[in-house]
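Beneath this line is the structure, given in structure tokens, with notes to follow.
Below, chain A is the first sequence line, B the second, and so on; all start at residue 1.
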Amino acid sequence: MDYDFQAIEKKWQQEWDKRGAYEVKNPTGEEPGKEPYYVLDMFPYPSGAGLHVGHPLGYIASDIVARYKRQKGYNVLHPMGFDAYGLPAEQYAIQTGQHPEITTEKNIKRYVEQLRKIGFCYDWKRSVRTCDPDFYRWTQWAFSQMFNSYYDTDRQQARPISELVSRWEKEDPTWQTLSEKEQQARLMDYRIAYLADTKVNWCPQLGTVLANDEVSEGLSVRGGYPVEQRVMRQWCLRVSAYAGRLLEGLDKIDWTESLKDTQRNWIGRSEGAEMQFNIKGQDEPFTIFTTRADTVYGVTFMVLAPESEYVQRVVTEEHKTEVEEYLAWVRHRTERERIADRKVTGVFTGSFAINPLTEKEIPIYISDYVLAGYGTGAIMAVPAHDSRDYAFAKHFNLPVIPLIEGADVSEQSFDAKEGRMINSGILNGLEVKDAIARMKAYIKEKGIGRVKVNYRLRDAIFSRQRYWGEPFPVYYKNEMPYLIPDECLPLQLPEVKDFKPTEDGQPPLGNAQVWAWDEKNNQVVDKALIDNTTVFPLELCTMPGFAGSSAYYLRYMDNKNDKALVSREANRYWRQVNLYIGGTEHATGHLIYSRFWNKFLYDLGCVCEDEPFKKLINQGMIQGRSNFVYRYIGEGASGNLYISYNLIENPEYKGKVQPIHVDVNLVHNDVLDVNAFRLWMPQYKNAQFVYADGSKMDEDNPYISMQQEKNYICGWAVEKMSKSMYNVVNPDDIVEHYGADTLRLYEMFLGPLEMSKPWDTNGIDGVHRFLRKLWNMYENISDGEPTKEELRSLHKLIKKVTWDIEHYSFNTSIPAFMIAQNELSALKCNKRAVLVQIAVLLAPFAPHIAEEMYHRCQNDGLVIDAEWPEWNEQYLEESGVKYPVQFNGKVKFTIELPKGMSKEEVEKAVLATEDAGKYLNGNAPKRVIVVPDKIVNIVL
RNA sequence: GCGGCAUUGGCGGAAUUGGUAGACGCGCCAGACUUAGGAUCUGGUUCGAAAGAGUGUAGGUUCGAGUCCUAUAUGCCGCACCA
């Protein structure tokens, strides 16, 4: 019987559904329950284009682990859901008027269909989507909790804001004298979710603000539109309060070093000192932050960020106009301009500071190379040892004092933190490292500063001026925000007539008619009723994409719960994600926000682990592999002649051809289906070809077949997988043509999971062939006792595959199966005892065919529930000698011997060994190697 | 500029703890079966005629290095005026 993968796959997918084979249960009551294991994929945003062949890569890997762990006897949680809020659906809605809910629904349906075909073992009953009110009520709930919490820096955890209030009531006499509004304003500075006027990344084309990780080089990551800086009143999350814990937490989790480094980089801890500098003629000093306390003696000027609050204090009357002009100029510059044009700019304030060590007067400048958001927004400039200060000093002709012996600062600064200090008073003669420590101690002692740790991580801006997102559970009374009570959640996203912002620049929710809060009756009412005494306006912004994706992994644990995001019991059982697989693009976004969110919930006591993802693997990107045809554009070109790739370097054609993308689906193993090409697009209808052998197409009979050995070879290149390159491969087509099992195997076979690699269909036949050959082994199963060789093959395979899965090295398992298949079919093995085990081992990788093969051996039960076999070393070893290998008539093996033997003694001992003697035949070994302890290598 | 990762045949890639380099697959070559082959099966395939050489390059540690160390080149990724 042929390997009819279509029938097999359909049959078993239906069977699994029927039996509810992948439904996962939380343990109930007294019953101890199996050991839990939680494997998670980063849930996708369901785009209109559907899945391409790159998306399932990580899903296949996690599916293999999930199935393996099941077979190992774990209770495995392996869910899938959808990150359903997002910009594309909204933009589509603006263009077409189609409600985003409808497009999203349609796209999800398509995704589910595509995923189902690949045979993943998801428990679809646990699926979540971020745009479901049942889901986003918990996103809103978490926001409310953040609003009602502050970060206690002494205890290093979030605490209820009511604690702060009662403390102030007791300890701060001014608190009682404040009006309600003033009290609210003061609390706003402490809340973890707070409203603030902040400089934001505003993207006019998208009509919304963006978080820092959504902006790259002054352009929006999505769409690539220019982004400008604006001050707006926005919701923010106090992520920065968690900077220290987010950094320390990295040591507890099993992520790759490079990903941890990216996060460390983003958090950007730097240890330094805050120092106070007096301003000439003023009493109040101002504070700067530096990591180079050792260079104080070389400070020749000070610089403030343009937005610094110190600016107004230090500007003198006669410099006022100049400074104002500069500030105005800085303000109108976009982020993009700043990056593109990094020339030195700045202005003198007219004031002078006093260097606390040298007592010298130094001028204070303003420049946009100093950032307001970092440190104190003010620096001490040491031009000799900081390249930015150096550039500034050269431009404004300020003095440069070298502080390190032997450093030549006539052309450029010496930034390295090494060498011996000079010109530095009490630090002279010290190494830089020691000088930093000495100076820190000194400033503490003299009370002119303190040791300080700074983080680069900023608070997350949490408002988006968009429609398709979670509404804030917030209304405004007396211009201050108040929460909608938890029991009224979810606050459902209202209907709007138009998804565009309103004409007066309000977010799209400004178009909603029924969008006001009746405080008395606790309900949403028509906004015409707003009277600001009982009915109040609701927040018009919605939450950003990362809101819904920050805690979704918790919801899977208990997705039907309508009392809590996740019950205590469910969370105690599943605890955290054991294995999380997804792309690197979330390294500084989702993976920071999720960790923050989880730590906040941990502080609240809602979750029992303070890190959400124990082990994380970043699967590589699958790039496209584009194919090209080469149009002849030389003399007498008709524009219709295409030259085979192998000929384009010939003198006849060299430099006279133009590569043109051709749909990869018309190409097989780089050979063009010329007939399909002619039918592909009208302009290729009359295409003529010069084939690989140099012959031209027969004009009378253009529709030649492949039989004539006239191939047209295409060129290729690795590019991003995209429609415009005609290199998108749809998994549906692969499943149709080769089957889901082949697709799964082949994606794994392509290379290491974590590496980026091009999708190249050229090898897929080999994998498919393997499955077919394996299939044929199951034709005539017999019940005989397996031989030693057969068992050796089998146990080698068990050992290898087990090791591979445990180490997430899936690409090396497929060859192991191929080897086993080769060996066993060479041995003509058809023993049930062997074949059934092969099916069990193959089940995580190619579940459908494994299920069918298992069925042929067993007749009942599901292979996915079959116990994972153990290997037995006994079958792998040979009589006392460990791992003897024969090759080219030589033998090499290792034997354990006592320490301290001489070479001669070893030789004798080796010859005395029965097994060695067998190989040596009484001859002296050519080489004997004694490695420190007792391992010996013998080469004959 | 800072940080991380990579570099092995014609190609994708194996080599798990420092111990047979090139597993497995593609491609290619030869053969078989075929009217036919883009099907299937069998054998061969690192380079070199051979001696030999060989894991980007140059050194080092080691009995032994693709693997460890030092320098260097190239490519990819992340961050980037963060004091």
Note to self: Expected output is a numbered-order residue list: members of residues 286-294 of chain A with a heavy atom under 4.0 Å from any atom of RNA chain B. What is it?
What the structure shows: A:F289, A:T290, A:T291, A:R292

Check: Hey, which of these two, A:L259 or A:W803, hits RNA chain B nearer its 5' end, going by closest nucleotide?
Finding: A:L259

Checklist line | Secondary structure string for RNA chain B (Watson-Crick or G-U under 3.5 angstrom, | for other-strand pairs) | finding: (((((((..(((......[....)))((((((.......))))))((....))..(((((..]....))))))))))))....

Check: Do A:T262 and A:W266 have side-chain heavy atoms sitting under 4.5 Å apart?
Finding: no

Margin query: salt bridge (Lys or Arg N to Asp or Glu O under 4.0 Å), that's the test. Do A:K799 and A:E873 meet it? Break it down for me.
Written below: CA-CA 9 Å; A:K799 188 177 179 181; A:E873 286 287 344; 3.0 Å; yes

Note to self: Just to verify, what does A:F628 make a ring pair (Phe, Tyr, Trp, His ring centres under 6.0 Å) with, not counting sequence neighbours?
What the structure shows: A:H661

Output a table of nitrogen or oxygen pairs between the protein and nucleotides 10-13 of chain B separated by less than 3.5 Å.
unit_1, atom_1, unit_2, atom_2, d
B:G12, O2', A:L750, O, 2.9

Margin query: Any base atoms under 4.0 Å from A:K260, or only sugar-phosphate, or nothing? Heavy atoms, all strands.
Written below: nothing

Margin query: Please report the distance, rounded to the nearest Å, between CG in A:D368 and C1' in B:C81.
Written below: 9 Å

Margin query: Checking side chain to side chain contact (heavy atoms under 4.5 Å, CB included) between A:V370 and each of A:T376, A:D389, A:I379, which is the one that passes?
Written below: A:I379

Checklist line | Along RNA chain B (nearest heavy atom to each residue), the more 5'-positioned of A:L371 and A:M818 | finding: A:M818

Margin query: We want to know whether A:N355 and A:Y297 form a side-chain donor-acceptor pair, criterion being a heavy-atom distance below 3.5 angstrom.
Written below: no

Margin query: Determine whether A:E257 and A:R264 satisfy the following criterion, salt bridge (Lys or Arg N to Asp or Glu O under 4.0 Å), listing intermediate values before the conclusion.
Written below: CA-CA 10 Å; A:E257 269 316 301; A:R264 288 190 189 112; 3.4 Å; yes

Check: Does OP1 or OP2 of B:U40 have a side-chain N or O of A:R772 closer than 4.0 Å?
Finding: yes

Could you tabulate the donor-acceptor pairs under 3.5 Å formed by side-chain atoms of residues 763-774 of chain A, not counting sequence neighbours?
unit_1, atom_1, unit_2, atom_2, d
A:D765, OD1, A:Y738, OH, 3.1
A:H768, ND1, A:Y738, O, 3.3
A:H768, ND1, A:T742, OG1, 2.9

Item checked: salt bridge (Lys or Arg N to Asp or Glu O under 4.0 Å) contacts in which one or both residues fall within residues 802-821 of chain A, not counting sequence neighbours -> A:K800-A:D804

Note to self: Among residues 449-460 of chain A, which ones have heavy-atom contacts with RNA chain B below 4.0 Å?
What the structure shows: A:R456, A:R458

Checklist line | Value in whole Å for how far the P atom of B:A23 lies from CD1 of A:I819 | finding: 10 Å

Next item on the list: Could you list the residues that satisfy ring pair (Phe, Tyr, Trp, His ring centres under 6.0 Å) with A:W775, not counting sequence neighbours?
Entry: A:Y3

Under 3.5 Å, which protein N or O atoms sit close to an N or O of nucleotides 26-33 of chain B? Give each pair with its distance.
unit_1, atom_1, unit_2, atom_2, d
B:C26, OP1, A:R769, NE, 3.4
B:C26, OP1, A:R769, NH2, 2.3
B:C26, O2', A:N762, O, 3.4
B:G27, OP1, A:N669, ND2, 3.2

Margin query: Going by salt bridge (Lys or Arg N to Asp or Glu O under 4.0 Å), name the pairs with one or both residues in residues 362-386 of chain A, residues two or more places apart or in two chains.
Written below: A:R333-A:D368, A:R338-A:D368, A:D386-A:R388

Check: A:Y390: what forms a ring pair (Phe, Tyr, Trp, His ring centres under 6.0 Å) with it, not counting sequence neighbours?
Finding: none

Margin query: With no hydrogens and no angle check, just 3.5 Å: does a side-chain donor-acceptor pair link A:Y455 and A:S240?
Written below: no

Note to self: Filter on salt bridge (Lys or Arg N to Asp or Glu O under 4.0 Å), then keep only pairs touching residues 292-304 of chain A, sequence neighbours left out; what's left?
What the structure shows: A:R292-A:D294

Note to self: Does the Lys NZ or Arg CZ of A:R595 fall within the cation-pi geometry relative to A:W255 - under 6.0 Å from the ring centre and within 45° of the axis?
What the structure shows: yes

Next item on the list: Select base, sugar-phosphate, or nothing to describe what A:I379 touches, counting heavy atoms under 4.0 Å on all strands.
Entry: base

Next item on the list: Please state the P separation for the pair B:C26 and B:G43 - nearest whole angstrom.
Entry: 14 Å

